[in-house]
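In what follows, a single structure is set out as structure tokens and then discussed.
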Amino acid sequence: MRHQNATAYRFLAPYLLIFSVFWVWPIISSFLISFQATRTVPWRWAPTFNWGRLIGDPAFFNALKNTLLILVIQVPVMISLAIVMAVLLNSPLLKARGLYRFAFFAPVVVGEVAYSAVFRLMFNLNFGIINKLLNSVGLPSIDWFSNVTPAMALIMIAVTWRWAGYNAIILLAGLQSIPDDVYEAATLDRVSKVKQFFYITLPLLKPIIVFCAVLSIIGTMQLFTEPFLITERGGPGGGTETLGLLLYRQGFRSLNFGYASAVAYTMAGLAIAITLVQLWLTKEPK
Amino acid sequence: MAAVTLSNVVKRFGVYEIIHGANIDIADGEFVVFVGPSGCGKSTLLRMVAGLEDISGGEIAIGGKVMNDVEAAERGIAMVFQSYALYPHMTVEQNLSFGLRMNGNPKADTERRVKRAAEILCIDELMQRRPKQLSGGQRQRVAIGRAIVREPQVFLFDEPLSNLDAELRVQMRVEISRLHKELGVTMIYVTHDQTEAMTLADRIVVLKAGNVEQIGAPLDLYDDPANRFVAGFIGSPKMNFLAAKVVEAGNGSATVELVNHASARLKKSLQTTPPAVGADVVLGVRPEHFFDAGQGDCDIAVKADVAEHLGSVSYVYADAGDTELIIEREASRQRASGDHLVVSIKAGKALLFDTKGARIR
Ligand SMILES: Nc1ncnc2c1ncn2[C@@H]1O[C@H](COP(=O)(O)OP(=O)(O)O)[C@@H](O)[C@H]1O
Ligand SMILES: [Mg+2]
């Protein structure tokens, strides 16, 4: 038995080696770097240098505020939308189900740059289709890129567009695992369709909803592409800068790796904390 | 409580007709079992009564009221599903009370009904558990309890015992029988198991490929089946069928000769015109209707292959030329494998069928 295990580990060794060097070590290393002053040569051990700066940095709090704002608005909206989409997708009345499934999944596959460019065009002040549509129902054009509130809304719309279908597909799998006869029993129990949704579908779907929420929270905590490409590096004036952008700006523009590492660990810590709270709040009563 | 009437009920799924015009009258308070092989349309028929399937043709009435266009929820029926279909995230108590709570039934009344159902089914102890924490038999009780709580006019059961082990099945069968006596409500019960049908039913409806083959009390079906299908389906072990030929057709009687037993002739008195001489017929004999040599009207010799000794009776599986016969022997405990056996058939205990399977009376 021990011999067998040893053989197994020898086969695993190449993977474990690469895993340690390129995965485990960077994680440890960046943690250590966050305690070093990295703008002097050579780097200097200074435990409170980055973390101390973090606590008092208005740019950090701006990015944190933006990230959390997107999180608390966009994730619930997107998950709700995904649930509605999944329920519609699961309806026996729907024709061409395969087409919808593809359409829902497509945004995830589209290249990020292409998708961002299309969004920039669609929301363009003068000739974007969105403003044209607003005008056509008598509403004024919105300058999506020069004002903070519309810019934030735009980020949320874009992220939701990109990921709602993906979550809907996951939720659909959950929906399909609820047996038909449970609904039939409820129908015979004289429970209306709407009540069936709230008292049967939602509770039974809860574990999947939590799963989707956790995935989305982790994703949104790291939000980078949309504020980088669509609102041009967190514009206007840092109004849509997220923690992910701040990290990028510090690490790769200012080459301040120590501070970037501290931001990265803050993001990871927050994601873990929020997820744990979420899991704890939605725990099955034993 | 209510009578249920099916008149010329037809069911089509797309172009496929599954039920071909069923006529069934179920009296108020009666226990009727739909029985037939898998895929014959029993569940479909039951689900049409419940309102879970549309009715493609004909009429279904409950308590004298035509239900074709009435929503399932408004038909006053309750159904017990094969898979139990309990609400997985609710406790037993919540499972029982869910429907009533959702419909704003007064709390005190809901509690009373739940308590009564729990007492009837002896599930008081389980009220705070979830379906996952129950055994199959307990889940079945909860499913029945959920039906009782509704106080329906008609109970529908779709193979409720098929997921239980043999022993539990017998026990639940007795309980369902008791429940019917206690509640006195109309019950329609679907099964493919003829033993369940025989033991539970006031009347049995035998179905085959979407057709009603015969309706009648269990023992009437057993003694006087309308055709070869019913004869073979009702009774366990199955009725034996022996190929025969009409050798003499008189007035009110016919003499047949067994094809594989040249000297075995049997004279059957008939109420209808006997078939022509030379016609092929089939003789049906139940395992328990083989008698000792010389005791009946004609003897046949068979070779025993296997014997199953059940204690009070034994079943001998014997080779009779073209077919295998199942012969019941009382108190015969000797090993029979390879034995040559002579058994006797009585004309009065044998049934005659034509080659299409219709009964010749
Ligand atoms: N929703 C459906 N669509 C098409 N055919 C169906 C459907 N439900 C049942 N059938 C067909 O109807 C026949 C009877 O089914 P069912 O009533 O479930 O049989 P049973 O309960 O007697 O085993 C079967 O041949 C089955 O394939
Ligand atoms: Mg069935």
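Chain letters run A, B, ... following the sequence lines, proteins first, then strands; residues in each count from 1. In this text, all values refer to a predicted model and were calculated from it rather than measured experimentally.
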Open item on the list: Does B/Glu71 form a salt bridge (charged side-chain N to carboxylate O under 4.0 Å, His left out) with A/Arg190? I'd like the steps, not just the answer.
Closed with: CA-CA 9 Å; B/Glu71 290 289 327; A/Arg190 308 188 58 195; over 6 Å; no
Minimum heavy-atom distance between [X] and [Y], given as atom pair plus value:
X	Y	result
B/Ala85	A/Ala185	O-CB, 3.8 Å
A/Glu184	B/Phe81	OE1-CE2, 3.4 Å
A/Thr187	B/Ala73	O-CB, 3.5 Å
B/His89	A/Leu204	ND1-CD2, 3.4 Å
A/Val191	B/Phe98	CG2-CE2, 3.7 Å
A/Leu188	B/Ile77	CD2-CD1, 3.6 Å

Does [X], at its [atom1] atom, have more than 12 non-hydrogen atoms belonging to other residues, nucleotides or ligands within less than 6.0 Å?
X	atom1	value
A/Phe102	CZ	no
A/Asp180	CG	no
B/Phe13	CZ	yes
A/Phe211	CZ	no
A/Phe197	CZ	yes
A/Tyr265	OH	yes
B/Glu182	CD	yes
A/Tyr166	OH	no

- [ ] Answer with side chain, backbone, both or neither: which region of B/Leu86 has an atom nearer than 4.5 Å to a non-hydrogen atom of chain A?
- [x]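 Contact with chain A is through the backbone of B/Leu86 alone.
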Task: Proximity breakdown for B/Arg101 and chain A, heavy-atom pairs closer than 4.5 Å - done: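 Looking at B/Arg101, nothing touches chain A.
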Open item on the list: Need one label for A/Tyr183: side chain, backbone, both or neither, based on atoms under 4.5 Å from any heavy atom in chain B.
Closed with: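 Contact with chain B: none, neither part.
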- [ ] Could you grab the distance from atom CE of B/Met102 to atom CG of A/Asp189, nearest 0.5 Å is fine?
- [x]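 Atom-to-atom, B/Met102:CE and A/Asp189:CG are 10.0 Å apart.
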